[in-house]
Amino acid sequence: LKNTFRQKEDKNFKNYPDFSYIKYDDVEFIPEDYGDERELFKRMLFKGGGGNGKTHLNLIDKGLVDVLFIAPSWYMCSEKKKEYSNINFDIAPHQQLFQENLRLKLKDKYSTFIIDECSMITNKQKNEILEYFTNENIIFCGDIYYQLPPIVEGKEMTDEGFDKVIELTKNYRFKDDKLKALIKQVREFIRLDKDFKPEKLKINRITKEELKN
């Protein structure tokens, strides 16, 4: 509705059979559950390690409408649906994005696609999704470059082709500083494509007792 209405200087009653006006200054039009302000990008990628809030941030966004959450398996979809039972969204597995008869139904019904665990999708599949769903909001979430190869044969997806790429770094899943340092060091080895060798770690080993606490 932006820029749909024009400002009128005169006051008349020709358009509606009533004799009262709403004074704009005295009325609050924003509902209480209005979502936080967010820049609109049609193709987005949220990347980063597990526990950084990639999927959570998008599922709780009240500004996204007609949301479909998509994960590799029905089990993962249903578990996420249970976890966020107070939020309205539908679920589907990755495979439906690549079956013509099924994805056509998805295209007709949903406005926002949140594609989780996108590291399990090849770069070719990523491009196919972006080319097919041209009018929808496409949000990829995943830890690309740091996971096992995709399920099907092909090159792992890259962070190219998106209007906006957001990398989240704060970990909400783990509280222990030693464990977070360990995770960071392991990810550094993965990034450098080196074999992981515990003796190379620059932090103290974590005992079983410390892990229990």
Side-chain angles (χ1 to χ4, degrees), residues 35 38 41-133 136-159 161-162 164-175 179-180 183 186-187 190-191:
R38 173 174 175 173
F41 296 96
K42 299 295 287 184
R43 278 96 180 88
M44 298 189 71
L45 168 64
F46 286 79
K47 66 179 184 177
N52 289 2
K54 303 179 296 293
T55 308
H56 174 77
L57 181 66
N58 288 286
L59 282 178
I60 66 171
D61 192 328
K62 298 176 182 178
L64 300 177
V65 297
D66 297 330
V67 175
L68 179 67
F69 173 80
I70 309 171
S73 67
W74 276 114
Y75 176 78
M76 296 179 69
C77 290
S78 60
E79 287 298 301
K80 189 65 67 174
K81 186 68 174 176
K82 291 178 184 177
E83 183 181 355
Y84 292 87
S85 58
N86 61 323
I87 297 177
N88 183 31
F89 63 91
D90 291 340
I91 57 176
H94 281 179
Q95 191 58 34
Q96 291 195 11
L97 294 172
F98 311 108
Q99 298 179 21
E100 184 63 33
N101 61 324
L102 294 177
R103 67 179 181 180
L104 180 59
K105 295 179 180 179
L106 302 182
K107 187 178 181 69
D108 291 338
K109 186 175 182 181
Y110 301 101
S111 300
T112 303
F113 293 82
I114 299 177
I115 305 174
D116 202 16
E117 302 295 345
C118 64
S119 62
M120 304 180 79
I121 293 176
T122 66
N123 203 56
K124 181 180 179 181
Q125 289 176 320
K126 176 201 73 177
N127 292 331
E128 183 180 342
I129 293 170
L130 296 179
E131 291 172 4
Y132 186 84
F133 297 98
E136 295 74 22
N137 294 323
I138 307 297
I139 302 172
F140 283 75
C141 301
D143 192 15
I144 61 173
Y145 305 127
Y146 290 90
Q147 298 296 318
L148 293 173
I151 297 176
V152 300
E153 185 176 354
K155 182 182 178 182
E156 65 177 337
M157 67 167 282
T158 67
D159 56 8
F162 295 94
K164 183 74 172 182
V165 177
I166 298 177
E167 183 170 9
L168 302 179
T169 58
K170 183 176 180 180
N171 196 306
Y172 298 93
R173 183 176 298 168
F174 304 104
K175 308 300 181 182
L179 185 56
K180 286 193 288 187
I183 294 170
V186 171
R187 289 179 66 81
I190 296 174
R191 187 184 70 82

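If you're wondering where the values come from, they're calculated on a predicted model, not measured in any experiment.
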Roughly how far apart are Thr122 OG1 and Glu156 CD, rounded to 0.5 Å?
10.5 Å
Asn123 and Met157 have their tightest heavy-atom pair at OD1-CA, 3.4 Å
According to the interplanar angle, ranging from 0 to 90°, do the rings of Phe69 and Phe89 count as parallel (below 30°), tilted (30 to 60°) or perpendicular (above 60°)?
perpendicular
Once you round to the nearest 0.5 Å, how far does CD1 of Ile70 lie from CG of Leu97?
4.0 Å
In this structure, OG1 of Thr55 is separated from CD1 of Ile60 (nearest 0.5 Å) by 11.5 Å
In sequence, state the C-alpha distance, the side-chain angles, and the governing distance for Phe162 and Ile138, and then conclude on side-chain contact (heavy atoms from CB on, under 4.5 Å).
CA-CA 9 Å; Phe162 295 94; Ile138 307 297; 5.8 Å; no
Measuring from atom CD1 of Ile129 to atom CZ of Arg43, what distance do you get when rounded to the nearest 0.5 angstrom?
10.5 Å
Asp61 and Arg38: which non-hydrogen atoms are nearest, and at how many Å?
OD2-NH1, 2.6 Å
Under 4.5 Å between any side-chain heavy atoms of Leu130 and Phe140, yes or no?
yes
Distance-only polar pair, side chains of Lys124 and Asn127, donor-acceptor under 3.5 Å
no
Are Asp159 and Glu167 packed together at the side-chain level, in the sense that at least one heavy-atom pair is separated by less than 4.5 angstrom?
no
When you look at CG of Asp108, are more than 12 heavy atoms from neighbouring residues, nucleotides or ligands closer to it than 6.0 Å?
yes
In this structure, NZ of Lys42 is separated from CD1 of Ile139 (nearest 0.5 Å) by 10.0 Å
Any side-chain to backbone donor/acceptor pair from Asn171 onto Gly50? Under 3.5 Å, distance only.
yes
Please step through side-chain contact (heavy atoms from CB on, under 4.5 Å) for the pair Lys47 and Tyr146, ending with a clear verdict.
CA-CA 10 Å; Lys47 66 179 184 177; Tyr146 290 90; over 6 Å; no
Lys80/Glu117 ion pair, N-O < 4.0 Å:
no
With a 4.5 Å limit on heavy-atom distance, are the side chains of Lys109 and Asp66 in contact?
no
Under the 3.5 angstrom rule, does the side chain of His56 hit a backbone N or O of Gly51 as a donor-acceptor pair?
no
Enter the distance from Tyr110:OH to Lys105:NZ here, rounded to the nearest 0.5 Å.
11.5 Å
Under 3.5 Å, is there a donor-acceptor pair linking the side chains of Ser119 and Asp143?
no
For Pro150 versus Met120, what's the shortest heavy-atom pair and its separation?
CB-O, 3.6 Å
Residues Pro93 and Pro72: closest non-hydrogen pair is CB-O, 4.1 Å
Is the shortest side-chain heavy-atom distance between Lys126 and Thr158 below 4.5 Å?
yes
So does Lys54 get a backbone contact from the side chain of Asn52, meaning a donor-acceptor N/O pair under 3.5 Å?
no
Assess the residue pair Leu57 and Ile166 against the criterion (side-chain contact (heavy atoms from CB on, under 4.5 Å)); give the C-alpha distance rounded to whole Å, side-chain angles, the decisive distance to 0.1 Å, and a yes or no.
CA-CA 12 Å; Leu57 181 66; Ile166 298 177; over 6 Å; no
If you count the non-hydrogen atoms of other residues, nucleotides and ligands that lie under 6.0 Å from CD in Glu153, is the total more than 12?
no
Quick check with a 6.0 Å cut-off and a 45 degree axis cone: is Lys107 positioned over the face of Tyr132's six-membered ring?
yes
Is there a side-chain contact between Met76 and Asp116 (heavy atoms, below 4.5 Å)?
no
